[in-house]
Amino acid sequence: MSRRRDAALAGALLVPIAAAAVLLRTPVTPGPVLVGVVGALALEAALSLRASSVRALWERRTVQAASVAVAVVGTALGAVVFGRATLLAVAAGLSTYLFLLAAVELRSRRRGDSRP
């Protein structure tokens, strides 16, 4: 699993979602931000319980492509069904994931066991 690739995928999702939130003038309120942050941390915690299985599955390019497609469609549907706040929640979740990746990368570099 490459942190750079994961960051690139998350960033590729974050940019258009954040742009859509700005274009639609989505109000920045604590509720959706909290949902996004807590959701991202909870998902990472749950996935870490079966890290080796998740890692093996995530290495498949088809899984990565399907995940991006599901995220795009799910965010669009969520925005239609639940409103613009969905964009804010997803952007907050993706931002949290990117910060988490950065923290793990910095920790690894300090220890000297960095991977790309």
Side-chain angles (χ1 to χ4, degrees):
M1 185 168 22
S2 166
R3 289 184 201 117
R4 286 184 194 150
R5 181 190 59 227
D6 293 352
L9 289 173
L13 287 168
L14 177 58
V15 169
I17 290 169
V22 169
L23 288 171
L24 294 172
R25 298 179 185 205
T26 304
V28 179
T29 57
V33 172
L34 187 62
V35 167
V37 170
V38 171
L41 295 175
L43 180 61
E44 281 302 308
L47 292 176
S48 72
L49 296 175
R50 300 194 52 137
S52 59
S53 299
V54 170
R55 192 173 298 119
L57 187 62
W58 184 246
E59 287 299 321
R60 299 179 187 171
R61 297 281 181 201
T62 54
V63 171
Q64 294 169 24
S67 296
V68 169
V70 166
V72 169
V73 172
T75 301
L77 287 174
V80 169
V81 173
F82 299 110
R84 298 174 295 174
T86 301
L87 299 171
L88 184 58
V90 173
L94 288 167
S95 297
T96 300
Y97 179 66
L98 286 170
F99 281 122
L100 184 60
L101 277 177
V104 169
E105 181 64 22
L106 287 173
R107 182 176 175 213
S108 293
R109 287 184 184 198
R110 285 187 181 149
R111 288 183 169 180
D113 57 277
S114 178
R115 343 176 251 175

Leu14/Tyr97 under side-chain contact (heavy atoms from CB on, under 4.5 Å): CA gap, chis, key distance, verdict: CA-CA 10 Å; Leu14 177 58; Tyr97 179 66; over 6 Å; no
Tell me every residue that passes side chain to side chain contact (heavy atoms under 4.5 Å, CB included) with Pro30, counting only those two or more places apart in sequence or in another chain. none
Sidechain N-carboxylate O distance under 4.0 Å for Arg55, Glu59: no
Heavy-atom closest contact (Ala71 atom, Leu13 atom, distance): CB-CD1, 3.9 Å
When hydrophobic residues are tied together by side-chain contacts of less than 4.5 Å, even through go-betweens, does Val72 share a cluster with Ile17? yes
Are Val104 and Leu9 grouped together when hydrophobic residues (ILVMFWY) are joined by side-chain heavy atoms under 4.5 angstrom apart? no
Sequence neighbours excluded, the answer for side chain to side chain contact (heavy atoms under 4.5 Å, CB included) partners of Ala7 is Leu98, Leu101
Are Val90 and Val68 linked, directly or through intermediate hydrophobic residues, by side-chain heavy-atom contacts shorter than 4.5 Å (ILVMFWY only)? yes
Sequence neighbours excluded, the answer for side chain to side chain contact (heavy atoms under 4.5 Å, CB included) partners of Thr26 is Ala21, Leu24, Arg84, Leu87, Leu88
Arg60: partners by side-chain hydrogen bond (donor to acceptor under 3.5 Å, both in side chains), with sequence neighbours left out: none
Hydrophobic cluster mates of Phe82, side-chain heavy atoms under 4.5 angstrom, ILVMFWY only, any path? Val81
Could you list who else is in Leu23's hydrophobic cluster, with ILVMFWY side chains joined at under 4.5 Å, directly or through other members? none
Hydrophobic cluster (4.5 angstrom, side-chain heavy atoms) - remaining members for Leu34: Val38
Pairwise distance CD(Gln64) to CG(Leu57) - rounded to 0.5 angstrom: 10.0 Å
Verify same cluster id: Leu94, Val33 (apolar side-chain graph, 4.5 Å): no
Here the pair of heavy atoms bringing Ala40 nearest to Gly93 is CB-O, 3.4 Å
Flag, side chain of Thr86 to backbone of Gly83, donor-acceptor distance under 3.5 Å: yes
For Leu47, give me all partners under side chain to side chain contact (heavy atoms under 4.5 Å, CB included), at least two apart in sequence or on another chain. Leu43, Glu44, Val54
Who clusters with Leu77? Use side-chain heavy atoms, under 4.5 angstrom, across I, L, V, M, F, W and Y, and order the result by chain and number. Val73
